[in-house]
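As structure tokens, the structure follows; a few thoughts come after it.
Residues: numbered from 1 along the sequence shown. All values derive from a computational prediction rather than experimental measurement. Atom set for the values below is all heavy atoms of this structure, side chains included, hydrogens, waters and symmetry mates excluded. Read the numbers this way: they start at 1 and go in the same order the structure lists the ligands and their atoms.
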Amino acid sequence: MSYVKNVLEQVKEKNQSQPEFIQAVSEVLPTLEPVFTKHPEYEKAALLERLVEPERVVMFRVPWVDDKGNVQVNRGMRVQYNSAIGPYKGGLRLHPSVNLGIIKFLGFEQVFKNSLTGTPIGGGKGGSDFDPKGKSDNEVMRFCQAFMSELYRHIGPDTDVPAGDIGVGAREIGYLFGMYKKLTNQYCGILTGKGLEYGGSLARKEATGYGLIYFMKEVIEAKGKSFKDATVVISGSGNVAIYATEKAQEYGAKVVALSDSNGYIYDPDGIKLDIVKDIKEVRRGRIKEYADTVKGAEYHEGCSGIWTIKCDIALPCATQNELNEESAKVLVKNGVYAVGEGANMPTTIEGTGVFQSSGVLFAPGKAANAGGVATSALEMSQNSLRLPWTFEEVDQKLHQIMINIYKQCEQACKEYGCEDNFVAGANIAGFTKVASAMMAQGIV
Ligand SMILES: NC(=O)C1=CN([C@@H]2O[C@H](COP(=O)(O)OP(=O)(O)OC[C@H]3O[C@@H](n4cnc5c(N)ncnc54)[C@H](OP(=O)(O)O)[C@@H]3O)[C@@H](O)[C@H]2O)C=CC1
Ligand SMILES: O=C(O)CCC(=O)C(=O)O
């Protein structure tokens, strides 16, 4: 058995109760075989065994008091995965499904993604099983304060810099920042995604969605295709989905569907994004309300039905494993030619296999959704400089970073003989920089 296969078997054996983590590692390791053939010294240094094990996991209780005066207890965690190329960096997720396996899968992927951005950031991820849905602002504030009252000991502008993810937006980042400042008496770039008035970066809110479209533009234009007049289906209706829709529409695409965890909307005339923003960003409502407002739009219960809509380009931007083998087959049958992952690991391994064997251009999340964390790194730079950049400056840097990520993936594919396999290209390109840094730093 090869070294890589052997390590993968150990990961499966050791982490049996963490299916998402096993899935993420199973998607990466086999694609790295050719790198280990080229670098036998990596095996001697047990590089892979070290790479799959987080440097540190912090798990803690988060007690807070709800509006009725009842004490609630959630579980908080931060996985500090790999700091070979910079301080740990990655979002915080607040969702009832959060568990250690999910945060480990996200942290593991973040290591490769952050390396691809070309900025000096290591990988980490955190979160809690707290559900912000249906909670008052005061309840969310008390939760965030309780969460930070433990997390603050483990983070720092040169140690670990969290940000948002599912369930964590501007409101939550504000409460977390306020508590960090109170506890430490320090005003520093400890979180990204901050409000513009207190150290945030212009274009961070838009960055993941815009970055996805910038990346997909490179992927499809290399094959003579364009967003102009393309029919696009996007799942989710949160931060990533909204700004992917905005940029795709700017490039002339017709986005016909969006979803949330209850169901999806189909608007054959093209989604009116101002209405979605009002529902989701202002009123924190349900996507169903769109169909109550817009004539000709349909609402359907359930999430997976969105993939039965005929489209040229599909962009899963909601959550992990939302696009399975069966849905992939339907998309292929309906003529999809490109799929770009705005979410982290939204496509199952089997679903990815369907796209790859059908010749569909498939862009993995590690590369395609890296624009968010890349712009977080730009926020860190602005915080260190104590100088804000304009929207145009940040957006231009983001666009160039996404082009560079595309080029790195393409180059890795060429070098390792896996042309057009962006999954392998992204994994290899992300891995090589981290591997060199780990080798240079000794056995730590
Ligand atoms: N924000 C960022 O900068 C980045 C985010 N990502 C990834 O993008 C994805 C979306 O994140 P983001 O837009 O920030 O999060 P948001 O919380 O803003 O939006 C999440 C969206 O996905 C839906 N969703 C969440 N969980 C589920 C579920 N279990 N089943 C179906 N739908 C679900 C939500 O619906 P509902 O409101 O009903 O829960 C909502 O529409 C995640 O995978 C995240 O890790 C990746 C890179 C950066
Ligand atoms: O901006 C960040 O640091 C977090 C982004 C993130 O969580 C992700 O890329 O999945």
Side-chain angles (χ1 to χ4, degrees), residues 20 86-98 102-103 105-114 116-117 119 121-127 131-134 160-173 189-194 200-201 203-212 234-245 258-265 276 279-281 284-288 302-304 306 315-323 340-347 364-380 398:
E20 292 86 0
Y88 310 107
K89 182 86 195 86
L92 295 171
R93 177 175 291 193
L94 298 183
H95 194 272
S97 64
V98 163
I102 287 182
I103 298 300
F105 115 64
L106 290 162
F108 179 72
E109 295 224 315
Q110 201 80 46
V111 175
F112 299 82
K113 184 195 305 191
N114 293 4
L116 281 171
T117 66
T119 61
I121 45 177
K125 199 87 184 191
D131 187 357
K133 247 185 249 151
D160 184 355
V161 184
D165 189 76
I166 290 179
V168 177
R171 175 182 62 172
E172 291 74 18
I173 293 290
I190 183 56
L191 291 154
T192 58
K194 298 186 291 299
S201 174
R204 173 61 187 90
K205 182 176 70 175
E206 293 82 358
T208 309
Y210 279 20
L212 170 65
I234 301 182
S235 64
S237 49
N239 174 263
V240 181
I242 286 177
Y243 291 96
T245 302
L258 288 173
S259 63
D260 62 19
S261 57
N262 294 116
Y264 68 94
I265 49 163
V276 176
I279 296 170
K280 288 293 174 182
E281 294 188 332
R284 296 180 190 275
R286 307 308 300 158
I287 202 67
K288 181 179 188 297
C303 303
S304 61
I306 195 169
L315 304 174
C317 293
T319 194
Q320 65 271 2
N321 291 327
E322 54 167 313
L323 206 174
E341 295 188 322
N344 287 310
M345 206 170 75
T347 318
K366 286 183 207 80
N369 72 36
V373 76
T375 307
S376 279
L378 299 178
E379 184 172 326
M380 289 166 73
L398 163 67

Under 4.0 Å between heavy atoms, the region of Asn344 that gets near ligand 2 turns out to be side chain
Would you mind checking which non-hydrogen protein atom is closest to atom 45 (O) of ligand 1, with the distance to 0.1 Å?
Asp165 OD1, 2.6 Å
What I want to know is whether Gly167 and ligand 1 share at least one N or O pair that is separated by under 3.5 angstrom.
yes
If you define the side chain from C-beta out and look only at heavy atoms, does anything of Thr245 sit under 4.5 Å from Val276?
no
Does Gln320 come within less than 4.0 angstrom of ligand 1, counting non-hydrogen atoms of the residue?
no
Could you grab the distance from atom CZ of Arg286 to atom CD1 of Ile265, nearest 0.5 Å is fine?
12.0 Å
Regarding ligand 1, does Lys125 bring an N or O atom to under 3.5 Å of one of the ligand's N or O atoms?
no
Under-4.0 Å heavy-atom contact with ligand 1, by part of Ser259 that carries it:
backbone
Under 3.5 Å, N or O to N or O, is Gly91 touching ligand 2 that way?
yes
Using heavy atoms and a threshold below 4.0 Å, how should the contact between Glu109 and ligand 1 be classified: side chain, backbone, both, or neither?
neither
What's the shortest distance from atom 3 (O) of ligand 1 to any protein heavy atom, and which residue and atom give it?
Thr208 OG1, 2.7 Å
Given that the side chain starts at C-beta and the backbone is N, CA, C, O, which of these parts of Glu322 lies under 4.0 Å from ligand 1, counting heavy atoms, or is it both or neither?
neither
Which ligand 1 atoms are under 4.0 Å away from a heavy-atom of Ser237?
41 (O)
May I ask whether Cys317 has any heavy atom positioned less than 4.0 angstrom from an atom of ligand 1?
yes
Subset of ligand 1 atoms that lie under 4.0 Å from at least one heavy atom of Gly236:
41 (O)
With nothing but distance in play, are any N or O atoms of Arg286 less than 3.5 Å from an N or O of ligand 1?
yes
for atom 6 (N) of ligand 1, nearest protein heavy atom and its distance come out as Asn344 ND2, 3.8 Å
Enumerated ligand 2 atoms positioned under 4.0 Å from heavy atoms of Gly90:
3 (O), 4 (C)
Report the part of Met380 (side chain from C-beta onward, or backbone N, CA, C, O) that has a heavy atom under 4.0 Å from ligand 2; answer both or neither where that applies.
neither
With respect to atom 26 (N) of ligand 1, which of His95, Arg93, Glu206 exhibits the smallest heavy-atom separation?
His95
For Gly371, is there any backbone N or O sitting under 3.5 Å from a side-chain donor or acceptor partner on Thr208?
no
Can you tell me the protein heavy atom closest to atom 1 (N) of ligand 1 and the distance?
Asn239 OD1, 3.6 Å
For atom 1 (O) of ligand 2, the closest protein heavy atom turns out to be Ser376 OG, 2.5 Å
Whether Asn344 side chain and Leu106 backbone form a donor-acceptor pair below 3.5 Å
no
For the atom pair CD1 (Ile166) and OG (Ser97), what is the distance rounded to the nearest 0.5 Å?
7.0 Å
Which protein non-hydrogen atom lies closest to atom 13 (O) of ligand 1, naming both residue and atom, and how far is it?
Val240 N, 3.0 Å
Any non-hydrogen atom of Gly342 lying under 4.0 Å from ligand 1?
yes
Could you please spell out the steps behind the side chain to side chain contact (heavy atoms under 4.5 Å, CB included) verdict for Val373 and Gln110?
CA-CA 9 Å; Val373 76; Gln110 201 80 46; 3.6 Å; yes
Can you check side chain to side chain contact (heavy atoms under 4.5 Å, CB included) on Arg171 and Arg284, steps first, answer last?
CA-CA 12 Å; Arg171 175 182 62 172; Arg284 296 180 190 275; 3.3 Å; yes
Nearest 0.5 Å please: distance from the CG atom of Asp160 over to the NZ atom of Lys125.
12.0 Å
Between CG of Leu212 and CG of Leu315, what distance do you get to the nearest 0.5 Å?
5.0 Å
Backbone, side chain, both or neither: what part of Ala370 comes under 4.0 angstrom of ligand 1, heavy atoms only?
neither
Sub-4.0 Å heavy-atom contact, Gly193 with ligand 2
no
Can you tell me if Lys125 has a non-hydrogen atom under 4.0 Å from ligand 2?
yes
So, do Met380 and Pro87 sit near enough that their side-chain heavy atoms are less than 4.5 Å apart?
yes
Applying side chain to side chain contact (heavy atoms under 4.5 Å, CB included), run through Val168 and Ile173 and close with a yes or a no.
CA-CA 7 Å; Val168 177; Ile173 293 290; 3.9 Å; yes
Would you tell me which option among Lys113, Glu379, Lys89 has the nearest heavy-atom contact to atom 8 (C) of ligand 2?
Lys113
Short question: side chain of Lys113, backbone of Ala367 - any donor-acceptor pair under 3.5 Å?
no
Considering only heavy atoms, which of Val373, Ile166, Thr192 lies nearest to atom 11 (O) of ligand 1?
Ile166
Test your reading of the model: is there a side-chain donor-acceptor pair from Asn239 to the backbone of Lys205, 3.5 Å cut-off?
yes
Exercise: do Lys89 and Thr192 side chains pair donor with acceptor under 3.5 Å
yes
Quick check: do Lys280 and Asp260 have side-chain heavy atoms less than 4.5 Å from each other?
yes
Is it the case that ligand 1 has an N or O less than 3.5 angstrom from some N or O of Asn262?
no
Quick one: look up the protein heavy atom nearest atom 39 (O) of ligand 1 and list residue, atom name and how far away it is.
Lys133 NZ, 2.8 Å
For Ser259 and Ser237, which heavy atoms make the closest approach, and how far apart are they?
O-OG, 2.8 Å
Between Arg93 and Gly126, is there a donor-acceptor pair closer than 3.5 Å when you use the side chain of the first and the backbone of the second?
no
Is there any N or O on Leu106 that sits under 3.5 Å from an N or O of ligand 1?
no
Should Gly371 be listed as contacting ligand 1, given a heavy-atom distance under 4.0 Å as the test?
no
Could you grab the distance from atom CD1 of Ile279 to atom CD1 of Ile287, nearest 0.5 Å is fine?
5.5 Å
Proximal atoms of ligand 2 relative to Ala163 (non-hydrogen, under 4.0 Å)
1 (O), 2 (C), 3 (O), 4 (C)
Answer yes or no: is there a donor N or O on one side and an acceptor on the other, between the side chain of Glu341 and the main chain of Ala368, under 3.5 Å?
no
Which residue and non-hydrogen atom of the protein lie closest to atom 28 (C) of ligand 1, and at what distance in Å?
Thr319 CG2, 3.4 Å
Check whether any heavy atom of Arg204 sits under 4.0 Å from an atom of ligand 1.
yes
Short N/O distance, under 3.5 Å, between Asp260 and ligand 1?
no
Value rounded to 0.5 Å, distance of CG in Leu92 from CG in Leu94
7.0 Å
Considering all heavy atoms of both residues, which atom of Glu20 and which atom of Phe105 are nearest to each other, and what is their separation?
O-CB, 3.4 Å
Top protein contact for atom 24 (N) of ligand 1, by heavy-atom distance
Ala318 CB, 4.1 Å
Are any of the heavy atoms in Glu109 under 4.0 Å away from ligand 2?
no
